[in-house]
Structure formats: C-alpha cells, structure tokens
There are 2 protein chains.
Amino acid sequence: MEIREVFARNLRTARLAKGLSQEELAHRADIDRTYISSLERGVYNASIDVVDRLAKALEIEVAELLSRKKSGTIKRH
Amino acid sequence: MEIREVFARNLRTARLAKGLSQEELAHRADIDRTYISSLERGVYNASIDVVDRLAKALEIEVAELLSRKKSGTIKRH
DNA sequence: GTGTGACTCGAAGTCCGTG
DNA sequence: ACACGGACTTCGAGTCACA
C-alpha cells in the first residue's frame with residue numbers, strides 16, 4: 001500500500017474526527033481547498049511541510065497522519 | 001523549527017546509528033547519493049514517499065524520521 | 001565519503017471554474 | 001460541502017562535475 005493512500009485515509013479520518021470541512025481545514029493550514037480534496041483522494045505525494053501544517057491544523061501528531069496502523073488486518077490464518 | 005530541518009537531523013542520526021554511509025543508504029533506498037546529502041542538509045521538503053523509502057531502508061518507522069522529540073531541550077528556566 | 005552549484009523535468013501546489 | 005477539470009507557477013526529484 002502506497003504511503004500516499006495511507007496518508008489520504010488518515011487525513012480524512014482525522015479531519016472528520018475534528019468535525020472540520022475541507023474548506024475550514026484548508027483555511028487553517030493555509031492550503032488550497034482543492035488540494036486538500038486531492039490529498040484525501042490520494043492523488044499526490046505531499047511534501048512533509050504540508051503534512052506538518054495539516055497536523056498542526058488538526059492538532060495531532062505528524063505520525064498519526066502517516067501511520068500504517070491497521071485496525072482490521074488480523075490474518076485469519 | 002522547520003520540519004525539513006527536523007527531518008534532516010533525524011535522518012542523519014538514524015543513518016549513523018545504523019553505521020551506514022550516505023552511499024550505502026542511497027543504494028538501499030534507490031536514491032541518488034547527492035540527493036541524500038541534500039536532504040541531510042535540509043535543502044528540500046521531501047515528499048512522503050521519499051521519507052517512506054528511507055524509513056524502510058533504515059528499518060525504522062516514518063514517525064521516527066519526522067518526530068520533533070528532543071533529547072536535550074529541557075528548559076532550565 | 002561528503003558538500004555544492006548548475007542543470008533538466010515532472011510532480012507539487014495554486015487559482016479559476018463547473019456540476 | 002465536495003469532486004473534478006484546465007491552466008498556471010513553484011519546487012522537489014534526480015543527475016553530473018568538481019572540490
């Protein structure tokens with residue numbers, strides 16, 4: 001699984017957990033609205049400074065946006 | 001402190017901890033030697049897939065390369 | 001074994017709009 | 001409130017020669 005897809009999923013999850021719209025997050029992180037949309041769809045490999053800005057805007061750790069931690073990947077033998 | 005500087009420091013620290021030269025790491029991560037050099041000097045905001053490849057080559061977590069955790073920043077007021 | 005400037009090129013990122 | 005597209009600019013990705 002590509003890191004940008006992991007990031008895409010984590011970003012959307014974290015944003016929704018905070019109850020923010022893409023536009024609100026975009027404004028907080030000073031990033032273009034449509035670019036946030038692209039990131040959540042896994043279109044781009046974001047640079048670490050946008051990841052950093054997003055983490056700050058979401059008040060979470062950078063690691064939380066890039067973690068591959070799975071919840072439903074228990075191998076059933 | 002800019003995230004790319006944090007990354008630069010952590011990358012160099014992690015590489016040396018593994019006892020690797022820039023050349024060896026470059027070979028393992030399939031990245032140009034001089035580009036690794038640039039990253040360790042904080043020239044670029046690396047994209048997350050480069051960070052991901054380096055983390056794998058170093059056998060560590062992505063978070064470890066991006067963490068701002070300080071060891072010597074205890075404020076002595 | 002590493003730092004650096006110069007270079008090309010394509011992806012990152014912005015700004016306009018539409019449904 | 002979001003997906004998606006086009007046109008645009010900026011900057012990271014990647015390589016080379018040289019110190």
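Labels below follow one simple rule: chain letters A, B, ... track the order of the sequence lines, proteins then strands, and each chain is numbered from 1.
Ion pairing between a basic and an acidic side chain is recognised when a charged N comes within 4.0 Å of a carboxylate O; B:Glu59 and B:Lys18 show such pairing. The pair A:Glu40-A:Arg15 meets the salt-bridge criterion, since a charged nitrogen lies less than 4.0 angstrom from a carboxylate oxygen.
Toward the 5' end of DNA chain C, the nearer of the two residues B:Leu20 and B:Ser47, judged by each one's closest nucleotide, is B:Leu20.
Looking at the side chain of B:Thr34, the nearest of the listed nucleotides C:dG13, D:dC16, D:dG12 is D:dC16.
Proximity of A:Asn45 to the phosphate of C:dA12: a side-chain N or O atom is located under 4.0 Å from OP1 or OP2. Residue B:Ser37 places none of its side-chain N or O atoms closer than 4.0 Å to OP1 or OP2 of C:dT2. Taking side-chain N and O atoms only, A:Tyr35 has a distance below 4.0 Å to OP1 or OP2 of C:dG13. Distances shown here put a side-chain N or O of A:Arg15 below 4.0 Å from the OP1 or OP2 atom of D:dC2. Regarding contacts with the backbone of D:dA1, every side-chain N or O of A:Arg12 stays at 4.0 angstrom or more from both OP1 and OP2.
Side-chain atoms of B:Arg33 come within donor-acceptor range of the base of C:dG3, with a qualifying N/O pair under 3.5 Å.
Judged by Watson-Crick or G-U wobble contacts below 3.5 Å, the nucleotide D:dA17 has C:dT4 as its partner.
Within 4.0 Å (heavy atoms only), A:Ile31 reaches sugar-phosphate atoms of the nucleic acid but no base atom. If you check every strand for non-hydrogen atoms under 4.0 Å, B:Glu23 touches a base.
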